[in-house]
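In listed order, ligands and their atoms are each counted from 1. These numbers come from the heavy atoms of this one structure, side chains and all, not from hydrogens, waters or symmetry mates.
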Amino acid sequence: MLKIGIVQYTNAIPFLLPLQNGAVAFKADWTIAPPSRLNSLLREGLLDCALISSYEYLIHGKLYRPLFPSYGIYATGAVQSVLFFHTTPLDDLPQLVTLTSESASSSALLKILCHHYWKQSPSFTSFQTLDEALLHPAFLVIGDDALMLHNKTAIPSTDLAEAWTKATGLPFVFALFCARADLPKDKEAGIREFGDALEATIAWSQNNMAAVISQAERTLSLPRVNIEEYYSCLSYLLDQQAEQGLNKFETLTKSTPYASKL
Ligand SMILES: C=C(O[C@@H]1C=C(C(=O)O)C=C[C@H]1O)C(=O)O
């Protein structure tokens with residue numbers, strides 16, 4: 001059985017729900033974890049395939065092969081779950097910015113925006129718990145924590161996908177499903193079946209959005225209307241525009257101090 005990893009955030013429910021409720025039949029040995037953990041598990045060969053950070057794919061490209069057609073998570077404009085909270089304006093950031101340890105793509109994106117667009121050069125550190133982050137004047141939160149904190153706090157925030165689209169005119173690809181490039185031949189058929197299963201999960205979820213939203217409501221304490229709006233920001237099947245966004249991310253990563261190192 002293939003060992004497959006996926007994130008635990010609400011943004012992955014359209015992939016997971018149809019597999020969990022039997023609408024799409026596909027068996028795997030699943031690991032549900034934050035993106036940074038999935039990145040290291042796939043890099044170390046402890047998984048066969050995973051939804052990894054686009055940043056991980058760009059930096060260690062030779063190790064991985066994106067599934068074809070490419071499924072992942074991306075947004076054009078606001079994503080709502082990748083938020084940079086800051087108590088001072090973007091052109092006057094504090095010397096130290098603290099980052100979630102769960103992310104790779106969003107951390108690199110923040111470094112790119114600081115360097116190329118906001119002309120800021122803070123130092124970066126990471127936090128382990130949200131309580132720790134809240135003690136800092138500038139911090140990056142992703143996933144469900146970001147969605148919920150936005151509703152609970154008066155601290156101003158910048159949506160990083162929105163800032164990216166404003167700056168580049170392109171979508172931002174946060175994550176994509178990749179297999180290890182060195183998978184043994186006997187796992188190839190399984191990877192193809194998994195690609196077909198992903199296509200079926202996204203088709204099912206598009207046709208059953210009410211069920212997807214109800215599932216999200218069980219984990220997030222947010223009004224249904226906010227969850228509906230959240231899913232309308234996300235896309236899963238990479239198109240040409242998304243590929244262009246990914247290429248632009250690669251170019252800017254290479255020309256940003258510290259963005260090519262976490
Ligand atoms: C849009 C998001 O994308 C996530 C962000 C990732 C990253 O920053 O490396 C990786 C996987 C995605 O699930 C989110 O956090 O909600």
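- T153 contributes a side-chain N or O that, together with a main-chain N or O of I155, makes up a donor-acceptor pair within less than 3.5 Å.
- Residue-ligand proximity, V82 to ligand 1, at heavy-atom distances under 4.0 Å covers atoms 1 (C), 2 (C), 14 (C), 15 (O).
- In this structure, L47 CG and S40 OG are separated by 9.0 Å, a value rounded to the nearest 0.5 Å.
- Looking only at atom types and distance, the side chain of Y57 has no donor-acceptor partner in the side chain of E250 under 3.5 Å away.
- Scanning the protein heavy atoms around atom 3 (O) of ligand 1, the nearest turns out to be F174 CB, 3.4 Å.
- Relative ring orientation between Y55 and F249 is described as tilted, the plane-to-plane angle lying within the 30° to 60° band.
- At a 4.0 Å cut-off, at least one heavy atom of Y230 sits close enough to ligand 1 to count as contact.
- Taking the six-membered ring where the residue is Trp, F194 and F26 present tilted rings, their angle falling between 30° and 60°.
- Atoms CD1 and CG, on I202 and L237 in that order, are 8.5 Å from each other to the nearest 0.5 Å.
- Any N or O atom pair closer than 3.5 Å counts here, and G143 shares at least one such pair with ligand 1.
- When non-hydrogen atoms are compared, ligand 1 lies under 4.0 Å from neither the backbone nor the side chain of Y55.
- For a threshold of 3.5 Å applied to N or O pairs, the pair formed by S106 and ligand 1 contains at least one separation below that value.
- Counting atoms of ligand 1 from 1 in the listed order, those under 4.0 Å from a heavy atom of S53 are 7 (C), 9 (O), 10 (C).
- Donor-acceptor pairing under 3.5 Å is lacking for the side chains of Q215 and Q20.
- At a heavy-atom cutoff of 4.0 Å, ligand 1 is contacted by no atom of L234, backbone or side chain.
- Using a 4.0 Å cut-off between heavy atoms, P35 contacts ligand 1 through its side chain alone, with no backbone atom that close.
- When each atom of ligand 1 is checked for a heavy atom of A104 under 4.0 Å away, the hits are 7 (C), 8 (O), 9 (O).
- Among the atoms of N11, some N or O lies under 3.5 angstrom from an N or O of ligand 1.
- The pair D48-K187 counts as a salt bridge, with a side-chain nitrogen and a carboxylate oxygen less than 4.0 angstrom apart.
- In S105, the parts holding a heavy atom less than 4.0 Å from any atom of ligand 1 are both the side chain and the backbone.
- In this structure, atom 12 (C) of ligand 1 lies nearest to the protein heavy atom A175 CB, 4.0 Å.
- For E56 and R37, the salt-bridge test fails: no basic side-chain N is under 4.0 Å from an acidic carboxylate O.
- The nearest heavy-atom contact from the protein to atom 16 (O) of ligand 1 is S81 OG, 2.5 Å.
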